[in-house]
Participant: 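The following block contains the structure, expressed as C-alpha cells.
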Amino acid sequence: MYEIEIKDMDMNQIAVSGQCFRIRRQRDCDAVWSVTANGEYVEAVQQGNRFLFSCNQEVFDNHWSLYFDLSRDYGQIKKEIDPEDAYLQEAVKAGWGVRILRQDLWEMIVTFLISQNNNITRITNSVEALAVKFGQKKNSRGLIRYDGENWQETDREFYTFPDPQQIAQGGMEALQGLGLGYRDKYILDMAQFCSSQEGKNWLTQLLDCDYEESHKRLMTRYGIGRKVADCICLFGLHHVGAFPVDTHVKQIVAAYYPGGFPLDQYPGIAGILQQYMFYYKLNK
DNA sequence: TACCAGGTCGCTG
DNA sequence: CAGCGACCTGGT
C-alpha cells in the first residue's frame, strides 16, 4: 500500500467525467475505486486530499503517477480561467477534481469509436465486455477494510484491455453480443489495420505527431470523424489543447457562448476546460 | 411511442 | 462543400 496527498483530484469526478470507462467503484465496497489501465490494476481509497493505493510506492511513481497526470498543476490551470466567465467558474467549482488522464492510445481509439451516438452507461458496458471477452485475465492487489478505519491488501482479478490482434481474431461474429451495435464494423476494421505492420507503424508514429497532424491522420480511418479524433487526441495522446465538440458541448456553447467558445483565450489547455464543462453539465 | 445518447457515413444537390 | 437520413441499442 502507498499513501499520498494529491491536490485537485477527485476519484468520483474523474470516474464520471466521461473520459475513462474502466474506473469504477469496487463492487464489494463503495469507498474503494478500482482502476484498470495499461495492463495494470490498482485500487484506491480517497479521504479529502489523502489517497491510499493498493500498490507500492515504486509502482505508483513509475506508473500511476503518470496515469493521473500528477506532474501538471491543475491549480494553475484554474487560475488562468477568465474570472468573468460565470459558466466556466461554476463548472470548475463543481468539477474541481477532474484531471485529464494519460490513457493508452489504442484503448482510447476503440473506446471513442464505441462512444459515437451512444451514452456513457452503454459505452462502459461495451468496453468491459470487450475486456472480458478478448482481454487477458490477470491477478493484482486490491484494498479491503479490516476494521472500522484501516485497510489492508487483498487479491483481485482483472481483465486487461485487448490488443488489436485479440479483437481482430474472431472477426465480426465474435464482436456480436457486446452491445456495440453498428460500431462493430469500425472496431473490426481498426483492429485488423492495427494488427498489420502498417497499422503498428501508424500507431507508433501518432505518438510523435503534434495535435494538428495526429488529428488529421486519425480522421483518415473508417469510423473516426472530427469529434472522435479530438477525443483520441485529448485522452489518448494527451494533446490537452484539443476541444471535442459533442452534443453536450454544442448545447453549452449555444446556451452560454453566443459568440462561440473563446478558444483563442486558452491556447493549449482548452481540452481541460472542456472536461470541466462536460462534467458539470452531466452531473449538476 | 418517439426521442436521446461524448457522431459518422454515404448520398444528394 | 453543406445538408440530411440512416444507423444498433437500451433507457426514459
Participant: Base, sugar-phosphate, or nothing: which does F235(A) touch, judged by heavy atoms less than 4.0 Å apart?
Facilitator: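 Contact class for F235(A): base.
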Participant: Across the strands shown, which category fits Q275(A) at heavy-atom distances under 4.0 angstrom: base, sugar-phosphate, nothing?
Facilitator: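 It contacts base atoms.
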Participant: If each of T121(A) and N117(A) is mapped to the nucleotide of DNA chain C with the nearest heavy atom, which maps nearer the 5' terminus, i.e. the 5' end?
Facilitator: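 The answer here is N117(A).
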Participant: Starting from P on dC4(B), measure out to NZ on K281(A) and report it in whole angstrom.
Facilitator: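 Rounded to whole Å, this separation is 12 Å.
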Participant: Could you check how far NE2 of H215(A) sits from C1' of dG7(B), rounded to whole Å?
Facilitator: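 Computing the H215(A):NE2 to dG7(B):C1' distance gives 12 Å.
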Participant: Once you round it to whole Å, what is the distance between P of dT9(C) and CD1 of I187(A)?
Facilitator: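 Taking atom P of dT9(C) as the reference, CD1 of I187(A) is at 13 Å.
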Participant: Check whether the side chain of R122(A) and the base of dC8(C) form a donor-acceptor pair under 3.5 Å.
Facilitator: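 Answer is yes: a donor-acceptor pair is held.
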Participant: Counting any heavy atom closer than 4.0 Å, what does T111(A) reach on the DNA or RNA strands: base, sugar-phosphate only, or nothing?
Facilitator: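 The answer is nothing, as T111(A) stays clear of every strand by at least 4.0 Å.
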Participant: Does R221(A) count as lying over the ring of F193(A), i.e. NZ or CZ under 6.0 Å from the six-ring centre, within 45 degrees of the axis?
Facilitator: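 Yes, cation above the ring, under 6.0 Å and within 45°.
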Participant: Whole angstroms only, please: what is the CZ-C1' distance between R183(A) and dT9(C)?
Facilitator: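 Checked: the CZ to C1' distance equals 8 Å.
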Participant: Taking CG from N118(A) and C1' from dC7(C), how many angstroms apart are they, rounded to a whole number?
Facilitator: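 Spelled out: CG on N118(A) to C1' on dC7(C) is 12 Å.
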Participant: Return the value, rounded to whole Å, for the distance between atom CG of D246(A) and atom P of dC4(B).
Facilitator: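 Between P of dC4(B) and CG of D246(A): 15 Å.
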Participant: Once you measure the plane-to-plane angle for Y67(A) and H63(A), does it fall in the parallel (<30°), tilted (30-60°) or perpendicular (>60°) bin?
Facilitator: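 Because their plane-to-plane angle is under 30°, the rings of Y67(A) and H63(A) count as parallel.
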Participant: So if I define the base as every atom that isn't primed, P, OP1 or OP2, how would nucleotides 8-13 of chain B read as a B/S/- string at a heavy-atom cutoff under 4.0 Å?
Facilitator: SS----
Participant: With rounding to whole Å, what would you report as the distance between dT8(B) and dG11(C) at their C1' atoms?
Facilitator: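 Their C1' atoms lie roughly 23 Å apart.
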Participant: My understanding is that a pair needs two contacts under 3.5 Å, Watson-Crick or G-U wobble. By that rule, which nucleotide pairs with dA2(C)?
Facilitator: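 Its partner is dT12(B) (Watson-Crick or G-U wobble, both distances under 3.5 Å).
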Participant: Taking the basic N atoms (NZ, or NE/NH1/NH2) and the acidic carboxylate oxygens, is any pair closer than 4.0 Å for R50(A) and E5(A)?
Facilitator: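 Judged by the 4.0 Å cut-off on N to carboxylate O distance, R50(A) and E5(A) do not form a salt bridge.
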Participant: Is the gap between the ring centers of F161(A) and F134(A) under 6.0 Å?
Facilitator: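 Ring-ring flag for F161(A)/F134(A): false, centres at least 6.0 Å apart.
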Participant: Can the ring centres of Y2(A) and F53(A) be said to be less than 6.0 Å apart?
Facilitator: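 No.
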Participant: Do R183(A) side-chain atoms and I114(A) backbone N/O form a donor-acceptor pair below 3.5 Å?
Facilitator: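 Yes, because the side chain of R183(A) sits within donor-acceptor range (under 3.5 Å) of the backbone of I114(A).
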Participant: Does a salt bridge link D8(A) with K78(A), judged by any charged N lying under 4.0 Å from a carboxylate O?
Facilitator: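 Result for this pair is yes, salt bridge flagged.
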Participant: Could you check how far CD1 of I120(A) sits from C1' of dT9(C), rounded to whole Å?
Facilitator: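 Taking CD1 of I120(A) and C1' of dT9(C), I get 16 Å after rounding.
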Participant: Can you check the I232(A) CD1 to dG7(B) C1' distance for me, whole Å?
Facilitator: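 Between C1' of dG7(B) and CD1 of I232(A): 12 Å.
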